[in-house]
Amino acid sequence: MGAIVFNVTTAALMIMMLNCGLGVVGRDALRRRPIPWAAVTLTAIAVGGVLLQLVWSGAMHALDADPARSGWWREFTSVFMQNGGVFGALWNVVTLAVVAALAQWYWGGTLTLGLFIAGIVLPGRIDTLLGFGDGPSTDPRNFAGSSGATYFLGASLALALLTSTRVPKEIALAIGVPVLGLAMWLAQDNGHGLVSVYGFALGAAAWAARTRWRGGNTNSNRLIERAR
């Protein structure tokens with residue numbers, strides 16, 4: 001029963017983030033959006049990782065994030081290895097594709113890739129800094145999989161919606177992402193929830209920086225126009 005609740009809440013959190021992304025991008029405008037090259041790239045690598053596992057029995061051993069094995073590359077290659085069976089791999093690849101596409105249409109391709117990479121390297125280090133863990137995980141379930149980085153990136157879409165709407169229902173949906181994520185972590189020790197909180201926070205920092213940069217450019221343009 002516990003495993004079922006774990007999976008249901010994890011899926012519910014993803015559905016909330018997808019709805020946040022659709023809300024901020026606009027459901028009716030999806031067909032007019034350009035091809036999200038960053039999402040296509042990440043998805044292609046993820047599919048390539050699955051195919052590699054199918055044709056090479058040693059792929060997981062060589063590329064996962066087992067702390068007992070050396071290799072600086074494992075932190076990155078492990079994200080594109082999947083260890084949740086057929087359904088888990090399909091879920092991870094599809095959600096990565098959709099989340100990355102929505103993120104690119106809001107954040108842009110470069111920032112989307114930056115947030116995804118941050119979702120790979122930051123959570124473990126933040127855990128250690130805050131005392132939530134005693135170093136690298138020793139749970140084999142955490143040695144591979146793209147879900148952590150995907151949930152991190154997806155949570156940034158909740159922040160995007162929160163800063164883009166005044167509709168109470170949408171505000172509640174956006175705030176519900178980090179709230180549910182924190183509850184999942186506290187009640188289930190569900191890492192997907194905690195990385196979503198981190199992703200929401202980094203999304204806030206990215207939004208503030210981008211807003212300030214755009215404001216600075218606008219002010220500079222006004223000064224140039226006045227000088228003319």
Worksheet item: Without hydrogens or angle criteria, can the side chains of Thr150 and Asn92 be said to hold a donor-acceptor pair below 3.5 Å?
Response: no

Item to complete: For Arg125, enumerate each residue passing the salt bridge (charged side-chain N to carboxylate O under 4.0 Å, His left out) test, keeping only those at least two apart in sequence or located in another chain.
Response: Glu75

Worksheet item: Would Val121 and Leu42 show up in the same hydrophobic cluster when neighbours are defined by side-chain heavy atoms closer than 4.5 Å?
Response: yes

Item to complete: Answer whether the closest heavy-atom distance between the side chains of Arg74 and Leu63 falls below 4.5 Å.
Response: no

Fill in: Trp72 to Phe76 - nearest heavy-atom pair and separation
O-CD1, 4.2 Å

Practice prompt. Using atom types as modelled and distance alone, determine if a side-chain donor or acceptor of Tyr151 lies under 3.5 Å from a backbone N or O of Thr10.
Written response: yes

Fill in: Joint cluster assignment, Val25 & Leu173, ILVMFWY side-chain distance < 4.5 Å
yes

Discussion item. Under the salt bridge (charged side-chain N to carboxylate O under 4.0 Å, His left out) definition, can you give me all pairs with a residue in residues 29-57, not counting sequence neighbours?
Written reply: none

Practice prompt. Look at atom CD1 of Ile35 and say whether more than 12 heavy atoms of other residues, nucleotides or ligands are closer to it than 6.0 Å.
Written response: no

Practice prompt. Walk me through it: do Met184 and Val5 pass the test side-chain contact (heavy atoms from CB on, under 4.5 Å)?
Written response: CA-CA 10 Å; Met184 288 165 55; Val5 174; over 6 Å; no

Item to complete: Over all heavy atoms of both residues, which pair between Met60 and Gln82 is shortest? Give the atoms and the distance, please.
Response: CE-O, 3.5 Å

Item to complete: Just say parallel, tilted or perpendicular for the rings of Phe6 and His192, cut-offs at 30° and 60°.
Response: perpendicular

Practice prompt. Find the distance between CD (Glu170) and CD1 (Ile175) and round it off to the nearest 0.5 Å.
Written response: 12.0 Å

Response to the item:
Heavy-atom nearest pair, Leu115 first then Ser156, reads CD1-OG, 4.0 Å

Fill in: Same cluster (ILVMFWY, side-chain, under 4.5 Å), Leu186 and Leu180
yes

Response to the item:
Smallest heavy-atom separation, Trp105 atom then Pro34 atom, equals NE1-O, 2.8 Å

